[in-house]
Amino acid sequence: MSDSSSVKSVHIHIEPIGRHVTVKAGSTLLDASRKAGIELISPCGGAGTCKSCLIQLVEGELSPPGLTETELFNRKEIESGYRLACQAVPLSNVKIYIPQESLTTPQRLQIEGQEIGVALDPIVKTIDVLLKPPDLNDLRADVTRLNDEIHKHGIAPARIQLPVLASLSDSLRAQDWSVRLALRRDEIVAVLQPGKSPMGLAVDVGTTKLAAYLVDLSTGQSVAKAGAMNPQIAYGEDVVSRISYAVENEGGRERLRATLIDGIDNLITNLCDEANVIRNQVVEVVAVGNTAMHHLFAGLPVRQLGLAPYVPAVSEPLEFPAAQIGLDLAPGAYVHLPSNIAGYVGADHVAMLLASDIHESRGNTVAVDIGTNTEITLASNGQMLSCSCASGPAFEGAHLQDGMRAAPGAIERVQIEKGEIRIQTIAGRPPVGICGSGILDAISEMSKEGVIDKGGRFQKDSPLVRTKDGKEEFVLAPSSINGHQRDIVITRKDVNEIQLAKGAIRAGINILLMEAGIKPDDIDEFVVAGAFGTYIDIESAIQVGMFPPIPAGRFRQVGNAAGIGAKQMLISAARRKQAELIARRVKYIELTTHKGFTEEFLEAMYF
Amino acid sequence: MAVDQEYFDKLAQTVIDGDDEECVRLIKVGLDKDMDPVKAIEKGLGKGIIKVGDDFGEGVVFLPELIMAADVMKQGTAILDEKIKAQGLNRKSLGKIVIGTVKGDIHDIGKSVVASVLQVNGYDVVDIGIDVEIETFIEAVKENKADCLGMSTLLTLPLQVMGQVIDKLKEEGMRDNLKVIVGGCPVTQEFADEIGADAVGFDAADAVKKVGALLGTKQVLLKEPWQISTREDNV
Ligand code: B12
Ligand code: FES
């Protein structure tokens with residue numbers, strides 16, 4: 001990284017969008033973001049008066065805060081790196097984090113998913129009771145009174161923990177002795193007002209994104225949903241760098257936990273506002289995520305997940321009071337964390353398998369969830385095999401010359417016909433970079449049109465290939481049509497990155513097929529889950545060889561199936577049990593020691 | 001088939017094509033005809049792998065070709081080396097390098113690529129594999145009287161292990177006579193400085209350049225790597 005005094009240009013890494021940009025020394029961060037095609041809210045036009053262009057410094061050095069900023073922020077905020085983008089000038093290469101509020105158009109987050117009807121059978125049930133108030137002839141304590149009453153409903157004396165107890169007496173009196181009790185098996189977890197529904201919260205804790213659903217446990221319906229970036233991104237883009245952060249910094253693990261809980265807490269506020277629900281009504285949480293997210297969320301140690309042989313601290317389902325990890329909900333609310341399968345196959349994959357019901361499929365079903373780590377499961381003749389492959393963040397735009405996450409202005413579709421390139425961007429904005437589905441399309445079209453050969457080499461005689469600084473590249477969008485003044489290109493290195501990523505995924509699929517003794521053509525159904533998987537063009541994925549060449553009709557893109565699975569576990573105790581059984585039934589195939597992996601991987605890198 | 005230029009070209013081609021079966025078959029044919037095993041490496045296999053190595057550096061071939069070529073090369077040299085030994089000959093090398101992926105990491109490919117490219121460039125490379133314990137590095141350096149140690153990792157966490165190996169080398173008084181080069185995607189120049197490594201290699205070609213500089217061999221992508229000498233020369 002360059003030294004502060006002598007630099008002529010500086011490199012800015014912008015999270016959570018994942019854009020990189022180089023600007024002249026002396027430019028403000030607001031200029032830099034614009035140059036990267038990212039619009040920050042800036043009604044005062046950079047005068048430093050509207051205080052809208054808030055950002056957070058993650059790494060590197062900025063000009064010292066000026067008067068406007070020292071007035072606006074307290075010491076703690078300054079220490080946490082909060083600055084105004086229009087005022088701060090980078091003095092070295094920096095990494096910054098742009099909070100959602102400062103962005104003009106939010107990133108595209110996926111929270112939809114196909115729902116599957118599930119019979120309502122939540123773990124938390126309610127009963128309405130009307131108690132006779134105490135008088136001088138009836139001096140029974142509040143809890144005794146309550147237990148005597150619920151006994152009449154055929155329910156044994158309930159357990160009640162201190163936090164619930166602390167609010168019980170006041171609630172009873174405030175509500176004229178008429179209450180709705182939320183019962184979790186034999187424990188009272190909340191004392192609600194009559195008529196108020198108990199609510200559940202399902203959270204999909206992704207490495208990059210959070211998705212949360214508020215579900216009415218008396219009807220099983222989602223009443224609100226919300227998505228946000230995982231704010232832990234400021235501490236590292238992928239799972240491994242976060243594990244390293246947790247291990248190498250004092251208090252790092254706790255900081256990651258607190259940051260995550262903060263992010264989820266914000267989502268809860270939004271959800272409750274939207275659905276007109278109070279936090280006290282939220283009585284149960286189901287959270288799913290990869291094993292590292294699971295551990296960080298629960299405050300468990302993660303060091304062992306970062307080093308071979310990558311064993312989780314726990315694989316069994318976990319249940320604990322929400323308050324223990326700092327979630328502010330009903331006083332007795334619990335968190336349920338479903339099983340995870342291995343160090344790199346987490347509860348989110350279990351939830352996805354549950355939601356897509358592949359454990360019940362008769363034939364051969366493949367289910368993949370593509371991310372920096374791609375989890376793959378093959379259900380074949382009653383057995384289920386899973387593996388995880390390190391596909392890397394290329395499909396999130398990382399390590400690509402003009403890569404970016406799926407946000408407005410990202411090229412998401414590409415077509416080449418008779419030498420003419422057609423592109424489509426998110427939100428129809430002028431292009432600023434390429435996201436995962438776009439790069440997949442682009443490379444598929446490039447290989448179809450003979451711009452690159454089977455090995456990924458550029459064909460020098462193709463009219464679409466130009467040479468710059470001795471290296472070939474493909475111009476996807478010339479500067480004339482762009483949201484910034486540079487050409488958007490695909491380089492040989494970009495092609496290689498995609499070859500590594502798609503090669504790893506295909507190798508994983510092939511190994512599972514081999515283990516089950518079946519051929520690609522025997523696959524009856526191919527389920528593609530997750531944000532990236534929802535937006536990709538299946539034909540492109542087949543063309544580049546990421547997926548095996550089977551008829552397009554056998555593919556099913558299911559959206560955020562992990563979130564749906566979490567919801568199902570929220571409203572149905574039976575589904576919860578089912579998830580546990582699935583996790584136990586899955587046989588984990590360790591690719592790291594698999595003899596066939598390297599050969600399959602190398603083979604799969606070709607187009 | 002005679003053991004002539006055409007034969008050696010064919011042998012080189014098996015490496016370029018990554019065709020191990022054909023390579024082994026050709027070598028057997030040659031040896032049956034009393035071919036000089038030293039020449040087979042020099043004019044055949046070596047030529048092939050250099051072509052692939054050059055093309056890799058220029059982005060003309062990608063990983064799969066390089067790895068397959070290195071694999072064919074390995075199989076071929078194994079047979080020929082045995083013959084060379086049996087005839088009382090040995091190969092001269094530019095230096096001895098021990099290389100491995102550190103404890104906690106099993107990523108094999110990058111490290112193996114670097115190992116084979118170094119080998120092709122005339123170094124005597126001992127690849128001690130993956131998930132290598134600190135102690136094992138120390139022992140391997142001792143046992144092989146290595147001039148240079150190469151450590152690889154692609155994972156962030158095991159990075160620390162590299163520093164620990166260097167500390168241990170110092171403790172054992174072995175650091176001064178040994179050059180240490182590190183590599184893998186999370187390894188930066190700053191990190192290398194911090195842990196006291198002598199160099200960092202960002203890719204295979206870079207590794208050759210840096211090792212050359214460290215060992216004073218300065219052979220940057222040597223064109224004729226297989227300098228072979230007979231025992232008589234060596235006395
Ligand atoms: C293939 C691969 C695997 C294979 C490994 C197969 C094998 N036998 O090696 C499998 C699937 C088994 C695997 C597993 C894992 N992987 Co992996 N893997 C990859 C992948 C896709 C490609 C790596 C590769 O081979 N590159 C090609 C080689 C040629 O390049 P290279 O290794 O960088 O080497 C070059 C240079 O770095 C340099 N070099 C390397 N070593 C040295 C040494 C010296 C001395 C010198 C001078 C130079 C040098 O020269 C080399 C040649 O040019 C990358 C993603 C990516 N796109 O890079 C992830 C990646 C490295 N894996 C990753 C992870 C997290 C894992 C896992 C821990 C989790 C998982 N399940 O996915 C496991 C566990 C591995 C383990 N036990 O250690 C992460 C690391 C992230 C981080 N911040 O640490 C990556 C970056 C993907 C990601 N972002 O998620 N992986
Ligand atoms: S743009 Fe208004 S304060 Fe920065």
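When reading the values below, keep in mind they use all heavy atoms of this one structure, side chains included, and skip hydrogens, waters and symmetry mates.
Between B:I109 and A:T598 the shortest side-chain heavy-atom distance falls below 4.5 Å.
Annotation: the span from B:E65 atom CD to A:R457 atom CZ amounts to 5.0 Å, rounded to 0.5 Å. Atom-to-atom distance recorded for A:T592:OG1 and B:D108:CG is 11.0 Å, nearest 0.5 angstrom. One distance of note links CD of A:E599 with CE of B:M68; it measures 8.5 Å at 0.5 Å rounding.
Residue-environment remark: CD (B:E82) stays at or below the threshold of 12 foreign heavy atoms within 6.0 Å. Within a 6.0 Å sphere centred on CD of A:E603, other residues, nucleotides and ligands contribute 12 heavy atoms or fewer. Few gaps surround CZ on A:R255; more than 12 heavy atoms of other groups in view lie less than 6.0 Å from it. Within a 6.0 Å radius of NZ in B:K74, no more than 12 heavy atoms belonging to other residues, nucleotides or ligands are found.
Chain B forms the most heavy-atom pairs under 4.5 Å with one residue out of A:N496, A:D453, A:V495, and that residue is A:N496. Comparing A:Y606, A:F601, A:F458 by heavy-atom pairs within less than 4.5 Å of chain B, the highest count is held by A:Y606.
Contacts between residues 155-170 of chain B and chain A, defined by a heavy-atom separation under 4.5 Å, are made by B:L155, B:T156, B:L157, B:P158, B:Q160.
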